[in-house]
Enquirer: 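The structure follows.
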Amino acid sequence: MPDETVPAGPFSPWLSATLRARRLPTVGADVPCGTCSGCCRASFFIHIGPSETEALARIPQALLFPAPGLPEGHVLMGYDEKGNCPMWRDEGCSIYAHRPQTCRDFDCRIFTATGIAVGGPAQAPIAERVAQWRFTYPTQENHAEREAVLATAMFMEAHGDLFPEGMVPVNPTQRALLALELHRVMYDFQLEADAGPMPADDVIRDALVVAAQGPRSAT
Ligand code: SF4
Ligand code: SF4
């Protein structure tokens, strides 16, 4: 575990910005990556949509293949034998100004926030930074929201079998994002529980399922 720590910013503003960016798909994440390039070297498949003409024009066709389960035109870019994105160079991303939206959206702080593991050994370059981030909690609300996010993630991890098939994503990134989106359910339960016990697991499960089917919460 690395000793160095990296400021991740106050928790609640980060959470709000992350959820807002999810609703405005071209906004992207504002991550203070510094010299880290973990996600360019972590054996990720990068999704590129058909409207991303600037990125598509700069990536050799031979590096792209159809994205399984998505409509025609959606493609994936793989990685080399070292796990590096083929667009990665020692000095950084060779198409940075035109990088895919997937790269613009990725924020590894979602793993720090939720406590969900980023993946296996191939994702070690990201896990290193995930362990270094430190959020701040300037108000009680920041603490409460973090507790709700953690509790939501832990509930989904511990009770995956209670949910309808396919609701809890296998992919850690998607699972972490779902925990962020549904955290308000647990926030409300925790608020009520100040005066008593938390509800039964099936009550929490039902509330999370309903929230997952409807408009997602915002902070
Ligand atoms: S792993 Fe995190 S900090 Fe590193 S480049 Fe990716 S998003 Fe930025
Ligand atoms: S396209 Fe650029 S930013 Fe995206 S993973 Fe590859 S090297 Fe990193």
Side-chain angles (χ1 to χ4, degrees), residues 1-11 13-22 25-67 70 73-136 149 153 171-177 179-180:
M1 194 70 66
D3 294 332
E4 188 188 341
T5 62
V6 181
F11 188 80
W14 171 81
L15 179 58
S16 295
T18 301
L19 293 174
R20 196 163 49 245
R22 294 276 294 161
T26 55
V27 168
D30 183 14
V31 190
C33 300
T35 57
C36 180
S37 57
C39 46
C40 304
R41 302 179 291 105
S43 305
F44 271 172
F45 288 102
I46 307 293
H47 166 260
I48 306 161
S51 64
E52 296 189 64
T53 52
E54 294 291 319
L56 289 168
R58 288 162 178 84
I59 300 171
Q61 192 66 32
L63 297 174
L64 303 172
F65 59 93
L70 291 179
H74 289 263
V75 293
L76 296 180
M77 172 168 59
Y79 46 87
D80 68 16
E81 65 284 353
K82 293 180 179 166
N84 295 343
C85 171
M87 296 293 102
W88 172 252
R89 305 288 180 271
D90 287 342
E91 62 277 14
C93 174
S94 60
I95 57 166
Y96 186 79
H98 307 284
R99 66 198 185 287
Q101 191 65 41
T102 299
C103 310
R104 298 171 191 271
D105 290 341
F106 189 77
D107 181 347
C108 64
R109 290 174 292 184
I110 62 171
F111 299 106
T112 312
T114 59
I116 290 174
V118 60
Q123 282 74 49
I126 299 176
E128 188 174 321
R129 177 54 75 97
V130 169
Q132 292 174 328
W133 289 122
R134 293 291 181 276
F135 286 106
T136 59
V149 165
N171 179 289
T173 299
Q174 297 305 322
R175 206 157 66 248
L177 289 170
L180 297 183

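Atoms within a ligand are numbered from 1 in the order they appear, just like the ligands themselves.
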Enquirer: Does the plane of the ring in H74 sit parallel, tilted or perpendicular to the ring in H47? Use 30° and 60° as the thresholds.
Expert: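 If you compare the ring of H74 with that of H47, the planes turn out parallel.
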
Enquirer: Give the atoms of ligand 1, by number and element, whose distance to some non-hydrogen atom of C39 is under 4.0 Å.
Expert: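 Atoms satisfying the 4.0 Å criterion: 1 (S), 5 (S), 6 (Fe), 7 (S).
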
Enquirer: Any idea which protein heavy atom is nearest atom 8 (Fe) of ligand 2, and the distance to it?
Expert: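 Result for atom 8 (Fe) of ligand 2: C40 SG, 2.3 Å.
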
Enquirer: N/O/S of C36 less than 2.8 Å from atom 4 (Fe) of ligand 1?
Expert: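 So C36 does bind atom 4 (Fe) of ligand 1 by this criterion.
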
Enquirer: Mark yes or no for whether R104, through its side chain, and Q101, through its backbone, hold a donor-acceptor pair below 3.5 Å.
Expert: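 Pair absent, no side-chain N/O of R104 close to backbone of Q101.
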
Enquirer: Check ligand 1 against F106 and write out every atom of the ligand that is under 4.0 Å from a heavy-atom position of the residue.
Expert: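 Under 4.0 Å from F106, ligand 1 has these atoms: 7 (S).
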
Enquirer: Just which atoms of ligand 2 are under 4.0 Å from any heavy atom in C103?
Expert: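 Ligand 2 atoms under the 4.0 Å threshold to C103: 1 (S), 3 (S), 4 (Fe), 5 (S).
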
Enquirer: Among all the protein's non-hydrogen atoms, which is closest to atom 2 (Fe) of ligand 2, and how far away is it?
Expert: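 Nearest protein contact, heavy atoms only, for atom 2 (Fe) of ligand 2 is C93 SG, 2.3 Å.
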
Enquirer: Answer yes or no for C33: is there an N/O/S atom below the 2.8 Å cut-off from atom 2 (Fe) of ligand 1?
Expert: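 Under 2.8 Å: C33 has no N, O or S contact with atom 2 (Fe) of ligand 1.
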
Enquirer: Under 4.0 Å from a heavy atom of P100: which atoms of ligand 2 are those, numbered in the order shown and with their elements?
Expert: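 Per the distance check, 1 (S).
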
Enquirer: Number the atoms of ligand 1 from 1 as they appear, then name those within less than 4.0 Å of a heavy atom of R129, with their elements.
Expert: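 With R129 as reference, the close atoms of ligand 1 come out as 3 (S).
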
Enquirer: Would you compute the distance between atom CD1 of I59 and atom CZ of R99 and round it to the nearest 0.5 angstrom?
Expert: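 Going from CD1 on I59 over to CZ on R99, the span is 12.0 Å.
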
Enquirer: May I ask you to identify the nearest protein heavy atom to atom 6 (Fe) of ligand 2, giving residue, atom name and distance to one decimal place in Å?
Expert: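 Answer for atom 6 (Fe) of ligand 2: C85 SG, 2.3 Å.
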
Enquirer: Hey, is the main chain of E54 close enough, under 3.5 Å, to the side chain of R58 for a donor-acceptor pair?
Expert: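 Confirmed, R58 side chain pairs with E54 backbone.
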
Enquirer: Could you label the plane-to-plane angle of the W14 and F135 rings as parallel, tilted or perpendicular, counting under 30° as parallel and over 60° as perpendicular?
Expert: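 Tilted.
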
Enquirer: Any side-chain heavy-atom pair from L56 and P50 closer than 4.5 angstrom?
Expert: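 The answer is no, as the side chains (C-beta and beyond) never meet within the 4.5 Å cut-off.
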
Enquirer: Within the distance-only criterion (no hydrogens, no angle test), does the side chain of R109 pair as donor or acceptor with the backbone N or O of A8 below 3.5 angstrom?
Expert: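 A pair under 3.5 Å: yes.
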
Enquirer: Answer yes or no: is there a donor N or O on one side and an acceptor on the other, between the side chain of T102 and the main chain of I46, under 3.5 Å?
Expert: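 Not a single qualifying donor-acceptor pair exists.
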
Enquirer: Against heavy atoms of G38, which atoms of ligand 1 measure under 4.0 Å?
Expert: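 Counting atoms of ligand 1 from 1, those under 4.0 Å from G38 are 1 (S), 4 (Fe), 5 (S).
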
Enquirer: Tell me, please: is W133 in heavy-atom contact with ligand 1, that is, under 4.0 Å?
Expert: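 Within the 4.0 Å threshold, so yes.
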
